Amino acid sequence: MGRAVKRVVYNEQDIAGKVRELGEQITTTYPDGELLVLGLLKGSFIFLSDLVRQINRPLQVDFLVAASYGDNTFSSGSVRLLYDPETTLEGKHILLVEDIVDTGRTLNRLMDLLEARNPRSLEICALLHKHIAKELKYPAKFVGFDAPNEFLVGYGLDHAENFRHIPYIASLQ
Ligand code: IMP
Ligand code: MG
């Protein structure tokens, strides 16, 4: 089963309240146009499913599965999409949904790639942000919690693929 959980960092109530707030912010930010909510798999699957139910305007949902070629390069060419959205991004508001921003490398690469498809707008919504990176090329417009610099699991986040199903967010022993 892997390691034990050390402490609950955000409980179910904390998370539900925050997701409701984010949903309201997103609803008011996009008064018009087509909105495509793009979940980055696998980590965002629970967050995204709760979040879209708190957004009170028409939207579409799709997912991205990304694989990086290695950590020693920062170029946008180093990210490969294992699953690419079926829908066209051009002319739409794209909201990329991520579980947690750590160094921001994953997002930098992906955002370059998505930007090249000429969306009407392109923003990031992250449930958690560790604020490790000094300078992010694409800062997240919507952030749930400023997370502690600990390894977190639950509510979609994993450690070696375990713990994703836990309904709260905890730090590991
Ligand atoms: P970044 O590219 O360094 O920002 O890493 C982001 C990705 O690393 C996230 O999408 C997560 O999959 C993973 N990650 C970073 N920190 C944690 C953590 O504390 N718990 C679980 N996964 C994490
Ligand atoms: Mg992960």
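Every value quoted in this text rests on a predicted model; they were computed, and no experiment measured them. Whatever order the structure lists them in is the order used to number ligands and atoms, beginning at 1. Throughout, numbering of the chain's residues begins at 1 and tracks the sequence.
Cation-pi geometry between Lys18 and Phe145 is met: the NZ or CZ atom falls under 6.0 Å from the ring centre, inside 45° of the normal.
For ligand 1, the polar-atom distance check finds no N/O of Phe151 at less than 3.5 Å from any of the ligand's N/O atoms. On a distance-only criterion, Gly104 and ligand 1 share at least one N/O pair closer than 3.5 Å.
Side-chain contact check for Asp99 and Tyr155: no donor-acceptor pair (N or O, by modelled atom type) lies under 3.5 Å.
Between Phe163 and His159, the two ring planes are tilted [angle within 30° to 60°].
Across every non-hydrogen atom of Leu40 and Ser44, the tightest pair is O-OG, 2.8 Å.
Counting heavy atoms of neighbouring residues, nucleotides and ligands inside a 6.0 Å radius, atom NZ of Lys42 does not exceed 12 of them.
Close approach of ligand 1 to Ile100 (heavy-atom distance below 4.0 Å) involves ligand atoms 6 (C), 9 (C), 10 (O), 11 (C), 14 (N), 15 (C), 16 (N), 17 (C), 19 (O), 23 (C). The distance from ligand 1 to the heavy atoms of Asp158 drops below 4.0 Å at these ligand atoms: 21 (C). Under a 4.0 Å criterion applied to the non-hydrogen atoms of Thr106, ligand 1 contributes the atoms 1 (P), 2 (O), 5 (O), 6 (C). Near Glu150, meaning under 4.0 Å from any of its heavy atoms, are these atoms of ligand 1: 19 (O). For ligand 1, the atoms lying closer than 4.0 Å to a non-hydrogen atom of Glu98 are 10 (O).
Judged by distance alone, with hydrogens and angles left aside, the side-chain atoms of Asp50 form no donor-acceptor pair with the main-chain N or O of Phe47 at under 3.5 Å.
At a 4.0 Å cut-off, at least one heavy atom of Leu157 sits close enough to ligand 1 to count as contact.
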